[in-house]
J.: 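Just passing along the structure, written as structure tokens.
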Amino acid sequence: MQKIIILDFGSQTTQLIGRRVRELGTFCEILPYDKFPHDDPDVIGVILSGSPLSVYADDAFHPDLSGVFDRYPVLGICYGAQLISYNFGGRVENSGTREYGRALLSYVSGACPLFDGISEGSQVWMSHGDSITAIPEGFNLAASTDTVRNAAFWNLERRIWGVQFHPEVVHSLQGKQLLENFVVGICGSRREWTADSFVDTTVRELREEIGGEKVILGLSGGVDSSVAAVLLGRAIGDRLTGIFVNHGLLRKNEYEDVLSDYRKLGLNVIGVDASERFLSALKGVDEPERKRKIIGSLFIEVFNAEAAKISGASFLAQGTIYPDRIESKNITGKVIKSHHNVGGLPEYMKLKLCEPLKWLFKDEVRAVGLSLGMPEHMIYRHPFPGPGLAVRIPGEVTPEKVRILQNVDDIFIRALKSEGLYDNIWQAGAILLPVRTVGVMGDERTYDYAVALRAVTSSDAMTADWAFLPEGFMRNLSNEIINKVKGVNRVCYDISSKPPSTIEWE
Ligand code: XMP
């Protein structure tokens, strides 16, 4: 399949470039700046990303791109454009002031195919400290803004383009058009990357990779592992065994509901109810990190014991997706987020790893799930933390507290769904506060728990804002919770954003 290669020089927006290219129905791979796949016959074009570095800095990345220029069309974005300029004898200098934000195109060359359909006055987004003060000989000016003369330049013969602004961010209002001009118009993408084509190709590849062998997959009920399971189920049927562990900290009825969803989809799934083991291991423990560690290591123990019973399995499948892999280590060496996986399988099991979703972004995983005929409630389910309700019960976790929290959470989630609010919220849940407060019900004094509700909007969980919920909705919700859940006499709403507050309380 045709693909665009995005060489990553460490910009925060490299992933966004990838997403935009995929939205244009074109497969792409983001690779470290010095790992260009010279032997790959499917490459149709190359994008050089931005970078936090200066091209003239001692530690700047200057890979040898001689087999890339003049062989493929190349688009340099920000640092990528500066690198092109630097490479071909232009001049890049520190512009004194860093330039961030909105700019308007004051000149656009009518002859440049990269700017087809893009007009003067169009808003673009800048984010740079250096400027291209002279474009290389043989290159032409393609666009300027009021403050940056050399905002874009090109060499038609060599099929090289550079843009100082960021077409991949939504604030560059015609950025998508520019990327389409490059990917489709200039590189000639046939736009063959679709969820259906991904399913067909992947099912074929999985059959080849796995042959007649057996695969184990840890299921969490979340969208990634579920889609991976259905995809594998389609490829190898019963030779896939999914293992779904109930640690007793799931949502109300979630264990039964999720198992039944999987079975309706024809998957071969083993459910392991280890609730009592987890809850007794958590007895008397109130320190958040210790709670997480106990749950994490017991989970691995229970999963391994179950996996060891499946004789002859030679693959361990995981629902790892593309951002899990590229987020875990930035090219500049800075760790952004460590990726957690099932991990810790005993040596003797010697399983090979199978990650069928490793090239997909989250929205693509969802599209693949729909293409596989999975129900929408599985595809659009809110994220839920691995340690479950334990991180929503500050202090000691007891079966009684879990029961109370499950009931509150269930009322909250049902209400969000029935009022049509669920899909606009990234994640919602309840927290059982480790305090009791005085209340009055009928003529009786109560002394019960207070709960906090949390609902946030976000696009990636790295940052989040509290969701504004309608007043009438809040009023009814609070009444319903206090009236129906024995043990609760007060409801609060968490109005903290992330940062500084995390989504989970522990
Ligand atoms: P925080 O609380 O760090 O959460 O703002 C960000 C996102 O990650 C989820 N989360 C977890 N997911 N294992 C998981 O699988 C965990 O230990 C864990 N802790 C937090 C959280 O629900 C939110 O979506």
J.: At their closest point, which heavy atom of Gly242 faces which heavy atom of Leu219, and how far apart are they?
T.: CA-CD1, 3.7 Å
J.: For the residue pair Thr26 and Gln2, establish whether any side-chain heavy-atom pair is separated by less than 4.5 Å.
T.: no
J.: Do Glu23 and Lys176 meet the salt-bridge criterion of a basic N to acidic O distance under 4.0 Å?
T.: yes
J.: Salt bridge check: are Glu209 and Arg204 linked by an N-O gap of less than 4.0 Å?
T.: no
J.: Do the ring planes of Phe303 and Phe299 sit parallel (below 30°), tilted (30 to 60°) or perpendicular (above 60°)?
T.: parallel
J.: Look at the side chain of Tyr33 and the backbone N and O of Gly10, then say whether any donor-acceptor pair between them is shorter than 3.5 Å.
T.: no
J.: Between Leu65, Leu83, Val74, Ile47, which is the residue that forms a side-chain contact (heavy atoms from CB on, under 4.5 Å) with Leu7?
T.: Leu65
J.: Donor-acceptor pair, distance only, cut-off 3.5 Å: does the side chain of Arg263 make one with the backbone of Val269?
T.: yes
J.: Decide yes or no on side chain to side chain donor-acceptor pair (under 3.5 Å) for Glu93 and Thr133, but give the supporting numbers first.
T.: CA-CA 7 Å; Glu93 290 174 293; Thr133 47; 2.7 Å; yes
J.: Within the distance-only criterion (no hydrogens, no angle test), does the side chain of Tyr56 pair as donor or acceptor with the backbone N or O of Asn94 below 3.5 angstrom?
T.: yes
J.: Taking atom NZ of Lys352 as the centre, report whether more than 12 heavy atoms of other residues, nucleotides or ligands fall under 6.0 Å from it.
T.: yes
J.: Under the side-chain contact (heavy atoms from CB on, under 4.5 Å) rule, what do Ser314 and Lys214 come out as? Steps first, then yes or no, please.
T.: CA-CA 6 Å; Ser314 46; Lys214 286 189 189 167; 5.6 Å; no
J.: Report yes if some heavy atom in the side chain of Trp154 is under 4.5 Å from a heavy atom in the side chain of Ile186; otherwise report no.
T.: no
J.: Are Ile132 and Arg91 side-chain neighbours, meaning at least one heavy-atom pair lies under 4.5 Å?
T.: no
J.: Do Trp193 and Leu24 make a side-chain contact, defined as non-hydrogen atoms from C-beta onward lying under 4.5 Å apart?
T.: no
J.: Is Thr13 reaching over with its side chain to a backbone N or O of Ser11, donor-acceptor style, under 3.5 angstrom?
T.: no
J.: So do the side chains of Thr202 and Leu357 get within less than 4.5 Å of each other, counting heavy atoms only?
T.: no
J.: Centre-to-centre under 6.0 Å for Tyr79 and Phe61, is that the case here?
T.: no
J.: Quick check: does any side chain N or O of Ser54 sit under 3.5 Å from a backbone N or O of Ala57, one acting as donor and the other as acceptor?
T.: no
J.: With side-chain contact (heavy atoms from CB on, under 4.5 Å) as the test, would you mind laying out the steps for His128 and Gln82 before giving the verdict?
T.: CA-CA 10 Å; His128 63 113; Gln82 294 164 6; 4.3 Å; yes
J.: With a 4.0 Å cut-off on N to O distance, would you call Asp465 and Lys498 a salt bridge?
T.: no
J.: So which heavy atom on Cys354 is nearest to which on Leu206, and how close?
T.: SG-CD2, 3.7 Å
J.: Walk me through it: do Arg366 and Val227 pass the test side-chain contact (heavy atoms from CB on, under 4.5 Å)?
T.: CA-CA 8 Å; Arg366 295 201 164 106; Val227 171; over 6 Å; no
J.: Under the 3.5 angstrom rule, does the side chain of Ser225 hit a backbone N or O of Ser220 as a donor-acceptor pair?
T.: yes
J.: Going from OG on Ser226 to CG on Leu231, what distance comes out if it is rounded to the nearest 0.5 angstrom?
T.: 12.0 Å
J.: Would you compute the distance between atom CG of Leu416 and atom CG of Leu469 and round it to the nearest 0.5 angstrom?
T.: 6.5 Å
J.: Pick from Val230, Leu217, Asn268: which one makes a side-chain contact (heavy atoms from CB on, under 4.5 Å) with Leu240?
T.: Leu217
J.: Between Lys3 and Glu29, is there a salt bridge with N-O shorter than 4.0 Å?
T.: yes
J.: Working to the nearest 0.5 Å, report the span between CD of Glu364 and CG of Leu360.
T.: 5.5 Å
J.: Between Asp42 and Phe27, is the side-chain contact (heavy atoms from CB on, under 4.5 Å) condition met? List the steps.
T.: CA-CA 10 Å; Asp42 296 327; Phe27 184 63; over 6 Å; no
J.: Is it the case that the side chains of Asp64 and Ser66 hold a donor-acceptor pair, with the cut-off being a distance below 3.5 Å and no angle test?
T.: yes
J.: Is the ring centre of His382 less than 6.0 Å from the ring centre of Tyr422?
T.: yes
J.: Relative to each other, are the rings of Phe244 and Tyr255 parallel, tilted or perpendicular (30° and 60° limits)?
T.: tilted
J.: Shortest non-hydrogen contact from Gly18 to Cys28?
T.: O-SG, 3.5 Å
J.: Show me the donor-acceptor pairs, under 3.5 Å and distance only, between side chains in residues 113-121 and residues at least two apart or in other chains.
T.:
from, atom 1, to, atom 2, distance (Å)
Glu120, OE2, Val108, N, 3.4

J.: Shortest non-hydrogen contact from Ser458 to Met462?
T.: OG-N, 4.4 Å
J.: Within the 4.5 Å heavy-atom criterion, are Asp363 and Arg19 side-chain neighbours or not?
T.: yes
J.: Rounded to the nearest 0.5 Å, what separates atom CD1 in Ile30 from atom NZ in Lys35?
T.: 15.5 Å
J.: Quick one: does Phe182's side chain get under 4.5 Å of Gln177's, heavy atoms only?
T.: no
J.: Taking the ring centre of each residue, are Tyr322 and Trp359 less than 6.0 Å apart?
T.: yes
J.: Closest approach of Gln164 and Ser131, non-hydrogen atoms and distance?
T.: OE1-CA, 4.5 Å
J.: Determine yes or no for a side-chain-to-main-chain donor-acceptor pair under 3.5 angstrom, with Ser144 supplying the side chain and Ala151 the backbone.
T.: no
J.: We want to know whether Gln174 and Glu180 form a side-chain donor-acceptor pair, criterion being a heavy-atom distance below 3.5 angstrom.
T.: no
J.: Less than 3.5 Å apart, any donor N or O on the side chain of His62 or Asn87 sitting next to an acceptor on the other?
T.: no
J.: With rounding to the nearest 0.5 Å, note down the distance linking OH in Tyr72 to CD1 in Ile160.
T.: 14.0 Å
J.: Show the nearest heavy-atom pair for residues Pro136 and Ile84, with the distance to one decimal.
T.: CG-O, 4.4 Å
J.: Please round to the nearest 0.5 Å and tell me the distance separating atom CD1 of Ile4 and atom CD1 of Ile17.
T.: 11.5 Å
J.: If we ignore hydrogens and angles and just use 3.5 Å, is the side chain of Thr457 paired with the main-chain N or O of Ala467 as donor and acceptor?
T.: no
J.: Would a 4.5 Å heavy-atom cut-off, applied to side chains only, mark Ile321 and Lys358 as touching?
T.: no
J.: May I have all residue pairs that pass salt bridge (Lys or Arg N to Asp or Glu O under 4.0 Å) and include part of residues 140-160, sequence neighbours excluded?
T.: Asp70-Arg158
J.: For the residue pair Phe88 and Phe139, categorise the inter-ring angle as parallel (less than 30°), tilted (30 to 60°) or perpendicular (more than 60°).
T.: tilted
J.: For Arg207, give me all partners under salt bridge (charged side-chain N to carboxylate O under 4.0 Å, His left out), at least two apart in sequence or on another chain.
T.: none
J.: Using modelled atom types only, decide if a donor and an acceptor are shared between the side chain of Ser371 and the backbone of Ala367 within a distance under 3.5 Å.
T.: no
J.: I'd like to know if the side chain of Ser172 reaches the main chain of Gly175, judged simply by a donor and an acceptor atom lying under 3.5 Å from each other, with no hydrogens or angles considered.
T.: no
